[in-house]
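The structure presented is a predicted model; accordingly, all values stated were derived computationally and were not measured. Just so we're on the same page: letters track the sequence lines, and every chain starts at 1.
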There are 2 protein chains.
Amino acid sequence: MNIGVASEKSGLPAKTIRYYEDIGLLHPARTDNGYRDYSTADIHRLRFLQRSRSLGFSVDECRQLLSLYQDRERDSADVKAIAKAKLVEIDRKIAELVGLRGLLHHLVSHCHGDERPDCPIIDELAGQGVAQ
Amino acid sequence: MNIGVASEKSGLPAKTIRYYEDIGLLHPARTDNGYRDYSTADIHRLRFLQRSRSLGFSVDECRQLLSLYQDRERDSADVKAIAKAKLVEIDRKIAELVGLRGLLHHLVSHCHGDERPDCPIIDELAGQGVAQ
DNA sequence: TGTTGCCTTCCATCTACTGGAAGGTCTATT
DNA sequence: AATAGACCTTCCAGTAGATGGAAGGCAACA
């Protein structure tokens, strides 16, 4: 399947998909005309990259996460250790998002009319202006 | 308080804190000797930035999130709309992290000894190698 | 009064893309 | 067959968001 379709299916721009190939994150086949030809497995890798990048993992961390599924050279205990460390990190991220969610939710439900919310957390954040 | 302390309290490198000032995300006071002097409110802003950046929000989105708490010019309904949109985005991020967590958890709990996991999701991801 | 550590600015470098030019390919229509 | 439009290719330059390092000022203490 062509890069346009891969882009649509993965949610990543074609430019980014080519870039990921450049830095060795995937190696799609080529058709006779020189076009990249993406398999279903490629699409899964791309979707995985899209997800984990958008969630704040660096490209190198994504590389590590991807390698968990396929590095047959690496010792299994080692794979498990990395996966567990990533799990801890993911749990921390989830907790932080939940916190952020609570903060925003508080704002939405306590902000009515032209009044400002009356909340110490928000008051502290409201200390000063921010350039637009 | 000095930038070193602010760095420690916010979890952001001093370099990054100065950069955030450069792009107008905060405006700390200065002491007579020219040193930056961070208030408690500054620390909260920095922690907020650290959190939301690490969760995949762009600097501009962070700017928007910060403005929710302090932009007294903006119409309140508008503020609410932005906050609600961000809530939807945060919920999506949480759902994606939970999905990622499940995938990794599956790997950890099904990967023992030198055997590879036996799972279609993982098999599909394992389609090919990744450059280290 | 050194020396150690933290602070300043400025400029270069890095990561992770993103845009645009110049040109080849595919498909449909005239 | 030719031409248009949408796709694809590579290559090179630019941007966003930091990050590293040099050169030098300030602070605290033996």
Would you mind reading off the distance between A:L49 atom CG and C:dA16 atom P, rounded to a whole angstrom?
12 Å
May I have the distance from A:Y20 (atom OH) to C:dT15 (atom C1'), rounded to whole angstrom?
11 Å
Expressed in angstrom and rounded to an integer, what is the separation of A:E8 atom CD from D:dC8 atom P?
10 Å
Establish, with yes or no, whether the OP1 or OP2 oxygen of C:dA16 is under 4.0 angstrom from a side-chain nitrogen or oxygen of A:T16.
no
Atom CG of A:D22 and atom P of D:dA13: how far apart are they, to the nearest Å?
16 Å
Taking OP1 and OP2 of D:dA16, is either one under 4.0 Å from a side-chain nitrogen or oxygen of B:S58?
no
Quick one: salt bridge (charged side-chain N to carboxylate O under 4.0 Å, His left out) partners of A:E8, sequence neighbours excluded?
none
Contact string for nucleotides 5-10 of chain C, one letter per nucleotide 5' to 3', B = base within protein heavy-atom range under 4.0 Å, S = sugar-phosphate only, - = neither, reads -BSBBB
Under the salt bridge (charged side-chain N to carboxylate O under 4.0 Å, His left out) definition, can you give me all pairs with a residue in residues 24-35 of chain B, not counting sequence neighbours?
B:E21-B:R30
Residue list, side-chain hydrogen bond (donor to acceptor under 3.5 Å, both in side chains) with A:D37, at least two apart or on another chain
none
To the nearest Å, give me how far apart CD1 (B:I17) and P (D:dG17) are.
17 Å
Rounded to the nearest Å, what distance is computed from the CG atom of residue B:L46 to the P atom of nucleotide D:dA18?
12 Å
Expressed in angstrom and rounded to an integer, what is the separation of A:D32 atom CG from C:dC26 atom C1'?
14 Å
Cut-off 3.5 Å, no hydrogens considered: what does the side-chain donor-acceptor table look like for residues 91-104 of chain A, sequence neighbours left out?
| unit_1 | atom_1 | unit_2 | atom_2 | d |
| --- | --- | --- | --- | --- |
| A:D91 | OD1 | B:R101 | NE | 2.4 |
| A:D91 | OD2 | B:R101 | NE | 3.4 |
| A:D91 | OD2 | B:R101 | NH2 | 2.9 |
| A:R92 | NH1 | A:E96 | OE2 | 3.4 |
| A:K93 | NZ | A:L55 | O | 3.2 |
| A:K93 | NZ | B:S54 | O | 2.8 |
| A:R101 | NE | B:D91 | OD1 | 2.5 |
| A:R101 | NE | B:D91 | OD2 | 3.4 |
| A:R101 | NH2 | B:D91 | OD2 | 2.9 |

Counting only N and O atoms by type, is there a donor-acceptor contact under 3.5 Å from the side chain of B:N33 to the main-chain atoms of B:Y35?
yes
With a 4.0 Å cut-off, would you call A:R63 and A:D60 a salt bridge?
yes
Has A:Y19 got a side-chain N or O lying under 4.0 Å from the OP1 or OP2 atom of C:dT15?
no
Could you list the donor-acceptor pairs under 3.5 angstrom formed between side-chain atoms of residues 9-17 of chain B and any protein atom two or more places apart in sequence or on another chain?
| unit_1 | atom_1 | unit_2 | atom_2 | d |
| --- | --- | --- | --- | --- |
| B:S10 | OG | B:A6 | O | 2.8 |
| B:S10 | OG | B:S7 | O | 3.4 |
| B:S10 | OG | B:L12 | N | 3.2 |

When rounded to whole Å, the CD1 to C1' distance for the pair A:I23 and C:dC17 reads 9 Å
